[in-house]
Amino acid sequence: MDITYPKIIQRATPTSEGQSNGQFVPIAGNQYGAPWVVPITNSGVAQSFQTNNADAVTALSTVSLAGTVSYPYLFNGSAWDRARGGANNADAVAALTLGVAADAAYEFVWTGAAFDRKRGANVFKTVAATGSGETTVWTPTSGKKFRLMGLTVSVSGTLAGLGVQVITIKDGAGGTAFLTFNAAVGATLVGDSQMFSELGQGKLSAAANNLLIVNLGTAMASGSVAVNAWGTEE
């Protein structure tokens with residue numbers, strides 16, 4: 001029987017500074033004499049080399065990283081950055097600019113036919129109406145529609161005689177009425193009436209540039225009808 005012994009190839013061992021210290025370690029070859037090339041560290045552990053603990057590290061063409069210390073990295077589209085950890089449960093924490101794992105989550109609500117994004121009010125309007133007829137509460141940004149998500153109505157004052165103040169909320173000047181409030185008002189001031197309407201995801205205007213209008217059925221002899229409205233513009 002023929003026995004083939006691996007061919008022994010001598011290779012210098014690098015020191016921790018990456019310089020040869022003159023020592024050699026055997027690297028086995030196969031039976032045909034071709035060496036098995038294995039990169040080694042100063043401890044003799046096979047691994048690929050990569051820059052340690054730095055930002056903007058270029059991607060490796062191989063992933064044979066071996067070692068006792070590992071760092072989480074995040075790809076920024078062109079290079080790898082170290083993953084950051086933010087401050088713990090505090091206000092006014094500075095933004096992290098590198099190595100941030102970002103997850104986008106959006107709340108949706110069921111409308112009965114489909115799911116819509118959940119809104120958060122960021123526009124707030126107020127007006128005190130006194131005369132009969134229409135008063136503008138909200139003029140949206142040009143090209144936008146208002147989405148009314150809620151409002152309060154406070155009636156404090158008097159009429160010429162005992163009666164009912166009819167308060168109508170409209171979509172657009174001379175437009176469609178979609179909320180109506182009634183308040184009993186006397187000829188002398190005896191208190192005020194407070195009304196509130198929470199509209200959830202809101203009432204979206206029928207057309208861009210429509211005004212949100214409050215209409216009083218009767219002019220106030222004194223005092224006013226205060227309307228506070230909130231929502232978004234879309």
Distance check, rounded to the nearest 0.5 Å: [X] atom [atom1] versus [Y] atom [atom2]?
X: L162; Y: T188; atom1: CG; atom2: OG1; value: 9.0 Å
X: F108; Y: R117; atom1: CZ; atom2: CZ; value: 7.0 Å
X: L216; Y: T168; atom1: CG; atom2: OG1; value: 8.5 Å
X: L204; Y: L199; atom1: CG; atom2: CG; value: 12.0 Å

Non-hydrogen atoms of [X] and [Y] that approach each other most closely:
X: T232; Y: A121; value: CG2-CA, 4.1 Å
X: A187; Y: G161; value: CB-CA, 4.0 Å
X: Q165; Y: T218; value: NE2-O, 2.6 Å
X: N209; Y: G143; value: OD1-N, 2.6 Å
X: A183; Y: M195; value: CB-CE, 4.1 Å
X: S154; Y: D192; value: OG-OD2, 3.9 Å

Any side-chain donor-acceptor pair under 3.5 Å between [X] and [Y]?
X: T111; Y: D116; answer: no
X: T152; Y: N228; answer: yes
X: S222; Y: T158; answer: yes

Could you check whether [X] pairs with [Y] (Lys NZ or Arg NE/NH1/NH2 to Asp/Glu carboxylate O, under 4.0 Å)?
X: E234; Y: R147; result: yes
X: E134; Y: K170; result: yes
X: K144; Y: E233; result: no

Open item on the list: Around atom CD of E198, are there more than 12 heavy atoms from other residues, nucleotides or ligands closer than 6.0 Å?
Closed with: yes

Within the distance-only criterion (no hydrogens, no angle test), does the side chain of Q201 pair as donor or acceptor with the backbone N or O of R119 below 3.5 angstrom?
yes

For this session: Report yes or no: does D171 contribute a side-chain atom to a donor-acceptor pair with the main-chain N or O of A206 at less than 3.5 Å?
Result: yes

- Task: Report the C-alpha distance between N76 and S78 in whole Å, list the side-chain angles of each, state the deciding distance to 0.1 Å, and finish with yes or no for side-chain hydrogen bond (donor to acceptor under 3.5 Å, both in side chains).
- Result: CA-CA 6 Å; N76 65 22; S78 59; 3.2 Å; yes

Only residue of F124, W230, F146 satisfying ring pair (Phe, Tyr, Trp, His ring centres under 6.0 Å) with W138 is F146

